[in-house]
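In this text, all values refer to a predicted model and were calculated from it rather than measured experimentally.
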Amino acid sequence: MKIIIMLMLPAILNAQLFEKINGNPSMVKKTYLRAIKKNNSWQPGPPVSEFESYYDREGKLTKEIEKSGGQIVVQKSFIYKDPQETQDICREAVKKAEKNTSFSEVQESDFSKICLKLKGKELRMKLQFNASPQEKSPRPFKTYIYYSKGDKSQEYVFDADLFLEYMVSRKADGKNQISQEIKSDIDGKQIEKTVYKYSRQPLSVSVKYFDENDLLKREITKEYRADNTLRIQTEIAYDNLEQVFSRNITECDSSGFPSSEKQYDQNGDLNYEITYSYEYDAKANWIRMFKHKKRIVYGKKMDDEIPPEIASREIKYY
């Protein structure tokens with residue numbers, strides 16, 4: 001059941017592999033560190049960038065902070081509205097639109113139109129603020145409305161002025177797993193399409209990403225062990241003729257974290273070999289990660305040394 005819940009989360013397969021978290025975290029702070037050579041070995045140096053994520057007890061993201069050079073670059077906060085709160089907000093938006101008489105006011109937003117279209121439906125809402133919502137008279141940077149019925153669901157995304165930016169239509173199979181996802185613009189024209197295919201032998205999921213013209217651009221296949229931990233991931237990128245442009249194969253350890261990776265070009269030649277090493281906390285989550293990369297030329301590893309990617313994570317739990 002764990003794998004089904006994970007796969008139902010939008011865009012989860014796009015996340016980096018080592019983002020996996022065991023337990024129920026309240027805060028995750030990830031820091032990328034500059035690699036410094038000391039005594040003939042690479043050591044973690046000063047921070048380059050930092051990313052903080054905060055979660056409620058249900059696992060919903062409530063705040064994100066991105067820093068560079070110690071300065072905040074972006075701060076996002078998220079507030080979730082239950083069906084009753086969402087209906088109240090929509091009802092007020094429709095009333096306000098009905099009272100407007102001037103042409104400019106009637107055309108001022110798409111939000112009330114969608115609320116009217118979905119009137120009587122059970123809706124959920126998420127508000128995104130690009131600063132603290134505690135600021136005086138805050139206005140959401142983005143507003144999300146979610147509606148689902150049976151095997152179909154809709155997501156509408158509005159900008160700060162409540163104009164519709166795009167919408168996402170999702171369809172699930174008989175096991176309540178996403179089978180197809182289509183992102184469309186305000187005119188209903190496809191922006192991108194994602195198709196999911198599941199297998200039990202082996203336990204796996206294949207996800208294909210298509211562009212606005214239904215050209216295949218990317219494919220990710222994840223194979224799992226019997227305990228639902230990720231065993232291997234294969235990612236293929238395609239060119240405009242749907243020919244293989246690159247292929248990455250990542251093997252994972254028994255905890256589902258990447259242990260090694262191979263990157264191939266369009267000719268099937270191995271370009272890079274990558275190995276991962278970790279330090280763990282008491283919940284078996286990594287708190288220090290080293291990613292070592294070796295360049296391959298004509299089948300041989302080069303002696304030139306590429307500085308490793310080093311990251312640390314501070315995790316607080318409920």
Point-to-point distance, once rounded to the nearest 0.5 Å, from [atom1] of [X] to [atom2] of [Y]:
X    : Y    : atom1 : atom2 : value
L164 : S184 : CG    : OG    : 10.0 Å
S277 : W286 : OG    : CH2   : 11.0 Å
N267 : R247 : CG    : CZ    : 11.0 Å
S153 : Y147 : OG    : OH    : 10.0 Å
E235 : E219 : CD    : CD    : 10.5 Å

Would you mind reporting whether [Y] and [X] have side-chain heavy atoms less than 4.5 Å apart?
X    : Y    : value
L123 : C90  : yes
I21  : R313 : yes
N228 : L203 : yes
Y156 : K117 : yes
Y238 : L215 : no
S259 : Y276 : no
S53  : E64  : yes
Y264 : I249 : yes

If you look at every heavy atom in [X] and [Y], which pair is closest and at what distance?
X    : Y    : result
S112 : A97  : OG-CB, 3.6 Å
R225 : G256 : NH1-N, 4.5 Å
F78  : K63  : CD1-N, 4.1 Å
Y196 : Q180 : CD1-N, 4.2 Å
I145 : F111 : CD1-CE1, 3.4 Å
H292 : P308 : ND1-CB, 3.7 Å

Side chains of [X] and [Y]: is there a donor and an acceptor less than 3.5 Å apart?
X    : Y    : value
N271 : K262 : no
Q154 : S169 : yes
Q263 : S246 : no
Q243 : D239 : no
E192 : Y209 : no

*Measure up the F257 and Y278 rings against each other and bin them: parallel (under 30°), tilted (30 to 60°), perpendicular (over 60°).*
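It falls in the tilted class, 30° to 60°.
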*Parallel, tilted or perpendicular: rings of Y146 and Y144 (30°, 60°)*: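 Parallel.
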Check whether any side-chain N or O of [X] sits under 3.5 Å from a backbone N or O of [Y] as a donor-acceptor pair, and report yes or no.
X    : Y    : answer
D173 : K175 : yes
S26  : K316 : yes
T31  : S312 : no
T234 : T221 : no
D161 : F163 : no
T229 : D227 : no
E242 : L216 : yes
Q87  : K121 : yes
K20  : S255 : yes
Q190 : N213 : no

When you group the ILVMFWY residues by side-chain heavy-atom contacts below 4.5 Å and let the links chain together, are [Y] and [X] in the same group?
X    : Y    : result
I178 : V205 : yes
V94  : M125 : no
I186 : F158 : yes
L127 : I114 : yes
V207 : I182 : no

*side chain to side chain donor-acceptor pair (under 3.5 Å) with N285: which residues, sequence neighbours excluded?*
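If we apply the side chain to side chain donor-acceptor pair (under 3.5 Å) test to N285, skipping adjacent residues, the hits are N22, Y317.
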_Before you tell me yes or no, could you show the steps for I89 and E92 under side-chain contact (heavy atoms from CB on, under 4.5 Å), namely the whole-Å CA-CA distance, both residues' side-chain angles and the distance that decides it to 0.1 Å?_
CA-CA 5 Å; I89 294 172; E92 288 302 313; 6.0 Å; no
*Under the side-chain contact (heavy atoms from CB on, under 4.5 Å) test, which residues partner Q71, sequence neighbours left out?*
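Q71 satisfies side-chain contact (heavy atoms from CB on, under 4.5 Å) with no other residue.
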Crowded around [X] [atom1]? As in, over 12 foreign heavy atoms under 6.0 Å?
X    : atom1 : answer
K142 : NZ    : yes
K60  : NZ    : yes
D303 : CG    : no
Y55  : OH    : yes
E165 : CD    : yes
K171 : NZ    : no

_Pairs flagged by salt bridge (Lys or Arg N to Asp or Glu O under 4.0 Å) wherever residues 67-84 is involved - sequence neighbours left out_ =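 Listed once each, the pairs are E52-K67.
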*For S260 and E273, run side-chain hydrogen bond (donor to acceptor under 3.5 Å, both in side chains): C-alpha distance rounded to whole Å, both residues' side-chain angles, the deciding distance at 0.1 Å, then the answer.*
CA-CA 7 Å; S260 64; E273 281 190 355; over 6 Å; no
*Among all residues two or more places apart in sequence or in another chain, which pass the ring-ring contact (aromatic ring centres under 6.0 Å, His included) test with Y80?*
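Per chain and number, Y80 pairs via ring-ring contact (aromatic ring centres under 6.0 Å, His included) with no residue.
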_Y272: ring-ring contact (aromatic ring centres under 6.0 Å, His included) partners, not counting sequence neighbours_ =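 Once residues adjacent in sequence are excluded, Y272 has no partner under the ring-ring contact (aromatic ring centres under 6.0 Å, His included) criterion.
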*So, are R231 and E223 salt-bridged, with charged N and O less than 4.0 Å apart?*
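A salt bridge links R231 with E223.
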*Quick one: do K189 and D185 make a salt bridge, cutoff under 4.0 Å?*
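Between D185 and K189 there is no salt bridge, as every charged N stays at least 4.0 Å from the carboxylate O atoms.
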*asked:* Please evaluate residues Q233 and E261 with respect to the criterion side-chain contact (heavy atoms from CB on, under 4.5 Å), reporting the C-alpha separation (whole Å), side-chain torsions for both, the decisive distance (0.1 Å), and the verdict.
replied: CA-CA 9 Å; Q233 172 175 294; E261 182 179 345; over 6 Å; no
Under 3.5 Å, which donor-acceptor pairs link side chains of residues 34-45 to any protein atom two or more places apart or in another chain?
from, atom 1, to, atom 2, distance (Å)
K37, NZ, E305, OE1, 3.0
S41, OG, K38, O, 3.1
S41, OG, Q43, NE2, 2.9
W42, NE1, E305, OE2, 3.0

